[in-house]
Amino acid sequence: MIMSRTEAAPDQALGDLTERLLAGLPAEAVLTDTDVTASYAHDMASFCPAGTPAVVVLPRTVEQVQHVMRTATALRVPVVPQGARTGLSGGANASDGCIVLSLTKMDRILEINPVDRIAVVEPGVVNATLSRAVGEHGLYYPPDPSSWEMCTIGGNIGTASGGLCCVKYGVTAEYVLGLDVVLADGRLMSTGRRTAKGVAGYDLTRLFVGSEGSLGIVVRAVLALRPKPPQQLVLAAEFASASAACDAVCRIMAGGHVPSLLELMDRTTVAAVNSMAKMGLPETTEALLLAAFDTPAPAADLAAVGALCEAAGATQVVPADDAAESELLLQARRLSLTALEAVRGVTMIDDVCVPRSRLGDLIEGVERIAGKHRLTIGVVAHAGDGNTHPTVCFDAADPDESRRARESFDEIMALGLELGGTITGEHGVGVLKKEWMAREIGTVGIEMQRGIKRVFDPLDLLNPGKLF
């Protein structure tokens, strides 16, 4: 609700808010049609409540974002920042009476510097657009979430996104050198640097990465780039059990190998991909492991990893001969979540990350949970870093099945914590996992995080109700 003017009628309050926003924004940047604003109410997560926004704004400049925040502070109106709304935790869901601040129109690549190996971008730049642009300069921006053709850099920063290449190259946080951030009261703050090194003061840049828009609005980012690696080659290995595939993962990592990708698909996921895309994947397999190398001699690396897979019990090992065959195998992995959604119409995608040594225990536990609740749960995993995505498939129109889906989701998170893991490796907390975040970090941890929130956002206007 519009908290500062409880005496005003809702229509009057909305009119005052709209009028003040229009004083610093062009008319086309302020959306009030309820049919339109409703489409901005939520991201792609299931079981996450979403409110009704009062207005949606689409600024194009830093000054316009500052105007929105000054207006919100003056009227005590909550603000929910959004990117492409591809998130899976409800972190971009609207609250009642809020301003939805969509940053998708701020989509310029401001600079690509091959000498300093940096890119300077606005938050609405799509991940794949940036990747292709820096590739033309012989450079590489590694973070590559599965939604990279749609998700934005601002959203990636907000949730500290990962991706398929994390096992070698790390996550978004490792590539954010500096930020320009509009604070809750409209002030503009710069953090970090554009140099290769820098340790001046507290690392506020890292604090904003993963903060889900709860501390400030990122309006510019300085991102680290790497030299573009050689074209990777991929190997596919079939296993008669998920535990054998996980044993292979442990052997690969313990052996000192550094794959550019190490992904696992269980039998449920393989069957779903075959059903949807007719890709001819081996349906007799219990687990399919994909390994890739982008080294100068990838064939030799694949041969060494193939031998380790066979030692772990692989029933078949097939290295790709060229880039085209490699891309076909990767396409199967990228289709996994879409294919699982088609199984029952709706999915809840978990994001539990465990130590690599406990990966097999997690997958076996998920299978037991699926049987207990009589549900289809497919597991895809960034196996090289222990980040799993157990995906619960269910019919949202069936109340009992929906209840069992939610219970199984919670049991998977509990299992992850029991195995020494975390409730989220890359999707964020949002509203979906608030209770579980408290369990993971404890009472003192929550108290400290709330204290940080009060420093940056004392009126609790920025993305209220998320995280904790």
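Values reported hereafter were calculated over all heavy atoms of this structure, with side chains retained and with hydrogens, waters and symmetry mates removed. Predicted model only: the values in this text are computed from it and were never measured. All residue numbers in this chain count up from 1 along the given sequence.
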query = For L462 and A184, which heavy atoms make the closest approach, and how far apart are they?
reply = CD1-CB, 3.8 Å
inquiry  = Please tell me whether S214 and N463 have a donor and an acceptor in their side chains that are separated by less than 3.5 angstrom.
reply    = no
ask   = Which word best sums up how the rings of F47 and F394 line up, parallel for under 30°, tilted for 30 to 60°, or perpendicular for over 60°?
value = parallel
inquiry  = Does D350 form a salt bridge (charged side-chain N to carboxylate O under 4.0 Å, His left out) with K433? I'd like the steps, not just the answer.
reply    = CA-CA 10 Å; D350 222 321; K433 300 181 178 181; 3.8 Å; yes
key: Euclidean distance, S131 OG relative to K228 NZ, rounded to 0.5 Å   = 10.0 Å
remark   = With sequence neighbours left out, the residues meeting side-chain contact (heavy atoms from CB on, under 4.5 Å) with C250 are none
message = Within the 3.5 Å criterion, strictly below it, is a donor on S260 or Q232 matched to an acceptor on the partner's side chain?
response = yes
request  = Verify the distance criterion only: is there a donor paired with an acceptor across the side chains of Q82 and H42 at less than 3.5 Å?
outcome  = no
ask   = Less than 4.5 Å apart, any side-chain heavy atom of L101 and any of V65?
value = yes
inquiry  = Could you tell me if N127 and N156 have a donor-acceptor pair between their side chains, going purely by distance under 3.5 Å?
reply    = yes
query = Salt bridge or not for D460 and R450, using N-O below 4.0 Å?
reply = no
Closest non-hydrogen atom pair between P464 and P78, with its separation = CG-CB, 3.7 Å
message = Determine whether R132 and E136 satisfy the following criterion, salt bridge (charged side-chain N to carboxylate O under 4.0 Å, His left out), listing intermediate values before the conclusion.
response = CA-CA 7 Å; R132 294 183 180 114; E136 294 176 2; over 6 Å; no
Minimum side-chain heavy-atom gap T52-T37 below 4.5 Å = no
inquiry  = Taking the six-membered ring of Y141 as reference, does the cationic atom of R226 (NZ for Lys, CZ for Arg) lie under 6.0 Å from its centre and within 45° of its axis?
reply    = no
query = Are T73 and D185 close enough that a side-chain donor and a side-chain acceptor fall under 3.5 Å?
reply = no
query = Taking all non-hydrogen atoms of both residues, which atom of S146 and which atom of R333 are closest, and how far apart?
reply = OG-NH1, 4.4 Å
ask   = R20 and L75: side-chain contact (heavy atoms from CB on, under 4.5 Å), yes or no, with the steps?
value = CA-CA 10 Å; R20 292 186 67 158; L75 300 181; 3.5 Å; yes
ask   = Does a side-chain heavy-atom distance below 4.5 Å link L139 with I112?
value = yes
task = Go through the steps for T32 and V56 under the test side-chain contact (heavy atoms from CB on, under 4.5 Å), then give the verdict.
result = CA-CA 7 Å; T32 58; V56 175; over 6 Å; no
key: Check: V218 and D180 side chains under 4.5 Å, non-hydrogen atoms   = no
query = When you check the gap from the basic side-chain N to the acidic O, do R220 and E111 get nearer than 4.0 Å?
reply = no
remark   = Separation between CD (E367) and CD (E364), nearest 0.5 Å, reads 7.5 Å
message = Between D43 and R85, does any NZ, NE, NH1 or NH2 come within less than 4.0 Å of an OD or OE carboxylate oxygen?
response = no
inquiry  = Checking M413 against E435 for the side-chain contact (heavy atoms from CB on, under 4.5 Å) test, could you report, in this order, the C-alpha distance in whole Å, the side-chain angles of both residues, the deciding distance, and whether it holds?
reply    = CA-CA 11 Å; M413 283 194 286; E435 175 191 349; over 6 Å; no
ask   = How many angstroms lie between NE2 in H427 and CE in M44, if you round to the nearest 0.5 Å?
value = 10.5 Å
task = Would you check, one step at a time, whether the test side-chain contact (heavy atoms from CB on, under 4.5 Å) holds for F293 with L233?
result = CA-CA 6 Å; F293 285 86; L233 284 182; over 6 Å; no
message = Please give me the minimum heavy-atom distance between V249 and L289, naming the atom from each residue.
response = CG2-CD1, 3.8 Å
query = Going by distance alone, is a donor N or O of one side chain under 3.5 Å from an acceptor N or O of the other, for E212 and T159?
reply = no
ask   = Is any side-chain heavy atom of V305 closer than 4.5 Å to a side-chain heavy atom of D301?
value = no
inquiry  = Under a 3.5 Å distance rule, please check whether T195 uses its side chain to pair with a backbone N or O of K197 as donor and acceptor.
reply    = yes
Charged N-O contact under 4.0 Å between D107 and R60 = no
ask   = For N387 and V352, which heavy atoms make the closest approach, and how far apart are they?
value = ND2-O, 3.6 Å
ask   = So, Y169 versus Y140, ring centres under 6.0 angstrom or not?
value = yes
query = Take atom NZ in K434; do more than 12 heavy atoms of anything else shown fall under 6.0 Å from it?
reply = yes
ask   = Take atom CZ in R187; do more than 12 heavy atoms of anything else shown fall under 6.0 Å from it?
value = no
